[in-house]
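The structure appears below as structure tokens.
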Amino acid sequence: MSGTLSSAHSELLGRVRDAVAADERFEALLIGGSYVHGGLDAYSDLDFVLVVAQACYAEVMADRLAFAESLGGLVSAFTGEHVGEPRLLICLYGPPLVHIDLKFVVASDLDHGIERRAILFARDPVGFEARACAAAVEWPNHAPEWFEARAWIWLHYAAAKLGRGELYEAIGMLGFFREQVLGPMLYRRAGLDQRGVRRLEALRLDPEGRLADTVACHAFASVRAAIVACVEAYLDLRADDPPDAPRAGMPGLLLDCVGQARAADAARRPGA
């Protein structure tokens, strides 16, 4: 762990650990995220993995909101279907406000993962330590072709919304594009696991500040310039590890679309 737990984080961590230890349905409590990756601070989430006995799993899943409430101070919670993870309960506690994730799994789910988590509690410490050491751990980094297959479609979506005058939609897509494409590719350039746009500033992964040019305000010219900046940033980052099959016609076709959007905007103006 790099960083220091705030008193609020430390106190909540202790409550989760004590609750798991007191409930025989649980076999272990693990933690991941910034607790193990580093950079832990007062704004960090706590990412818990609660290992449930196989025979009790259905019961615990049905009872998990009550478990979260039993910790005390629960402000709100919802399940993680929106990120494809129904086992996840996303919680906010306070005061002071602290975000924690409670992911309910069985022991066999630990055999493959995206990070090596720390064990906070285990009824069989030796067995869980051995299992954790033997687990296959691989961060879900994307290959060059993954980016190339998506980049032009997502940028075309932004350009099409620009042409229609739906600037909020276009701005939303540009934020999505930074998170899914440009941020991960900046991590790749630095030889690090691809982690969206998290901590890009702190890690100084964009020393030239090129991502700032992809942030638009609610004005046609600003959105148009941000789309062009996304194209330029993508091409620059793509050159680090080019895809086997760059998409034919790009970026020319996409920039033509942006030009057509400009004409459409001019036609919408009074007196056009």
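- Other residues, nucleotides and ligands contribute at most 12 non-hydrogen atoms within 6.0 Å of the CZ atom of R262.
- In this structure, the separation between CG on L50 and CD on E27 is 11.5 Å, given to the nearest 0.5 Å.
- When each of D101, L102, I100 is paired with L46, the side-chain contact (heavy atoms from CB on, under 4.5 Å) condition holds for I100 and for no other.
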Worked check of ring-ring contact (aromatic ring centres under 6.0 Å, His included) between F121 and F128: CA-CA 9 Å; F121 165 81; F128 265 93; 9.1 Å; no
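- R189 and D236 are joined by a salt bridge, as a carboxylate oxygen and a charged side-chain nitrogen come within less than 4.0 angstrom of each other.
- Although no hydrogens or angles enter the test, the distance criterion places no donor-acceptor pair under 3.5 Å between the side chain of D23 and the main chain of V20.
- Between L186 and L205, the shortest heavy-atom contact is CD2-O, 3.4 Å.
- There is no side-chain donor-acceptor pair under 3.5 Å between D111 and S108.
- A donor-acceptor pair shorter than 3.5 Å cannot be found between the side chains of Y93 and E11.
- Across every non-hydrogen atom of A170 and V223, the tightest pair is CB-CG1, 3.7 Å.
- Look at D193 and R195 and you find no salt bridge, because none of the NZ, NE, NH1 or NH2 atoms lies under 4.0 Å from a carboxylate O.
- For D124 (side chain) and G127 (main-chain N/O), a donor-acceptor pair under 3.5 Å exists by modelled atom type.
- The 12-atom threshold is exceeded at CD of E81, counting heavy atoms of other residues, nucleotides or ligands nearer than 6.0 Å.
- From M250, atom CE reaches atom CD of E148 across 9.0 Å, with rounding to the nearest 0.5 Å.
- Ion pair R224/D265 not flagged as a salt bridge, since none of the NZ, NE, NH1 or NH2 atoms sits closer than 4.0 Å to an Asp/Glu carboxylate oxygen.
- Note that CG of L110 and CZ of R117 are 7.0 Å apart. Values are rounded to the nearest 0.5 Å.
- Using a cut-off of 4.0 Å between Lys/Arg side-chain N and Asp/Glu carboxylate O, R64 and E59 are scored as not salt-bridged.
- Screening R238, R150, R247 against E145 for a salt bridge (Lys or Arg N to Asp or Glu O under 4.0 Å) leaves a single residue, R247.
- With values rounded to the nearest 0.5 angstrom, S70 atom OG is found 10.0 Å from L65 atom CG.
- Taking a 6.0 Å sphere around CD of E85, one finds it holds more than 12 heavy atoms contributed by other residues, nucleotides or ligands.
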